[in-house]
Amino acid sequence: QVQLVESGGGLVQPGESLTLSCATSGFTLGYYAIGWFRQAPGKEREGVSCISRNTVRTAYADSVKGRFTISRDNAKKTVYLQMNSLKPEDTAVYYCAAYWSTLQDMCIMTNLTYNYWGQGTQVTDSS
């Protein structure tokens, strides 16, 4: 059974950092590109970042460039999102997602591309 389980969310003050983790099981992570998405109250889900199978390619939404870093450890079956200099507008439920990719060095930040999704973890501005 394919599973993606996010963790690491919580209450944060502006300027603080948080690292989200996405633990995967039920599939071979190395064959999948991974993305992080978020959905704020009243807004559509948006792509935050993605990483290719071989980690060579990463992509970020303009709103998080320079503040967020995506990484993966295929041996540990886990993907991470390091979030620095958090802002109130980063408040959202964060989801990790996966899609099987024939290309090792490419990833796409489009919702419809992804086959498997986690349940999400909440990140909330506490100011």
Side-chain angles (χ1 to χ4, degrees):
Q1 181 181 0
V2 172
Q3 284 193 312
L4 295 90
V5 180
E6 303 93 337
S7 62
L11 294 173
V12 291
Q13 295 276 349
E16 290 185 339
S17 297
L18 209 57
T19 299
L20 304 183
S21 297
C22 173
T24 70
S25 61
F27 64 102
T28 303
L29 181 60
Y31 291 114
Y32 287 75
I34 301 294
W36 282 96
F37 295 79
R38 68 185 181 186
Q39 188 166 20
K43 295 188 177 181
E44 292 188 352
R45 188 175 297 185
E46 63 173 353
V48 175
S49 182
C50 68
I51 187 167
S52 63
R53 287 172 51 186
N54 61 4
T55 76
V56 167
R57 175 71 180 270
T58 59
Y60 298 91
D62 288 342
S63 58
V64 307
K65 275 181 184 175
R67 300 189 298 122
F68 290 13
T69 302
I70 191 170
S71 62
R72 63 191 290 164
D73 186 332
N74 289 343
K76 293 184 177 179
K77 301 181 180 182
T78 304
V79 184
Y80 306 94
L81 186 67
Q82 173 70 41
M83 306 187 296
N84 298 328
S85 303
L86 282 162
K87 304 177 179 180
E89 53 264 41
D90 293 320
T91 292
V93 178
Y94 284 73
Y95 302 89
C96 64
Y99 72 92
W100 184 80
S101 176
T102 58
L103 301 174
Q104 293 195 41
D105 57 356
M106 184 174 177
C107 68
I108 301 171
M109 278 198 303
T110 305
N111 286 3
L112 297 179
T113 303
Y114 290 78
N115 307 110
Y116 303 117
W117 291 81
Q119 293 301 305
T121 185
Q122 178 73 51
V123 174
T124 304
D125 168 46
S126 63
S127 63

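This chain uses plain numbering: 1 for the first residue, then up along the sequence. The structure presented is a predicted model; accordingly, all values stated were derived computationally and were not measured.
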Testing the basics here: between [X] and [Y], what is the closest heavy-atom pair and its distance to 0.1 Å?
X: Val2; Y: Gly26; value: CG2-O, 3.8 Å
X: Tyr32; Y: Thr28; value: CD1-O, 3.2 Å
X: Ser63; Y: Arg38; value: OG-NH2, 3.4 Å
X: Ser17; Y: Asn84; value: OG-OD1, 2.9 Å
X: Ser52; Y: Met106; value: CB-N, 3.3 Å
X: Tyr99; Y: Cys107; value: OH-CA, 3.3 Å

Under 4.5 Å between side-chain heavy atoms, hopping through other hydrophobics if needed: is there a path connecting [X] to [Y]?
X: Tyr31; Y: Ile34; result: yes
X: Ile108; Y: Tyr116; result: no
X: Ile70; Y: Phe68; result: yes
X: Phe27; Y: Ile51; result: yes
X: Val123; Y: Tyr60; result: yes

N/O donor-acceptor pair under 3.5 Å between [X] side chain and [Y] backbone:
X: Ser101; Y: Leu103; value: yes
X: Gln119; Y: Glu6; value: no
X: Ser49; Y: Ala59; value: yes
X: Ser126; Y: Val12; value: yes

With Leu18, the side chain to side chain contact (heavy atoms under 4.5 Å, CB included) member among Leu86, Leu81, Thr121 =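 Per the side chain to side chain contact (heavy atoms under 4.5 Å, CB included) rule, the option paired with Leu18 is Leu86, out of Leu86, Leu81, Thr121.
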[X] [atom1] to [Y] [atom2] distance, which is reported to the nearest 0.5 Å:
X: Arg72; Y: Cys22; atom1: CZ; atom2: SG; result: 10.0 Å
X: Tyr80; Y: Asp73; atom1: OH; atom2: CG; result: 5.5 Å
X: Gln122; Y: Leu11; atom1: CD; atom2: CG; result: 8.5 Å
X: Thr58; Y: Met109; atom1: OG1; atom2: CE; result: 9.5 Å

Below 4.0 angstrom, N of the basic side chain to O of the carboxylate: do Asp90 and Lys87 qualify?
->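 Not counted as a salt bridge, because no side-chain N and carboxylate O are separated by less than 4.0 Å.
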Which of parallel (below 30°), tilted (30 to 60°) and perpendicular (above 60°) describes Trp117 and Tyr95?
->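 Ring orientation of Trp117 relative to Tyr95: perpendicular.
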Can you say whether the rings of Tyr114 and Phe37 are parallel (under 30°), tilted (30 to 60°) or perpendicular (over 60°)?
->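 Perpendicular.
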For atom CD of Glu44, decide whether the heavy atoms of other residues, nucleotides or ligands shown that lie under 6.0 angstrom number more than 12.
->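 Counting other residues, nucleotides and ligands, CD of Glu44 stays at 12 neighbours or fewer.
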Does a side chain donor of either Gln82 or Thr19 reach within less than 3.5 Å of an acceptor in the other side chain?
->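 Per modelled atom types, Gln82 and Thr19 side chains form a pair under 3.5 Å.
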Before giving the answer on side chain to side chain contact (heavy atoms under 4.5 Å, CB included), spell out for Leu29 and Val79 the whole-Å C-alpha distance, their side-chain angles and the decisive distance to 0.1 Å.
-> CA-CA 9 Å; Leu29 181 60; Val79 184; 4.3 Å; yes
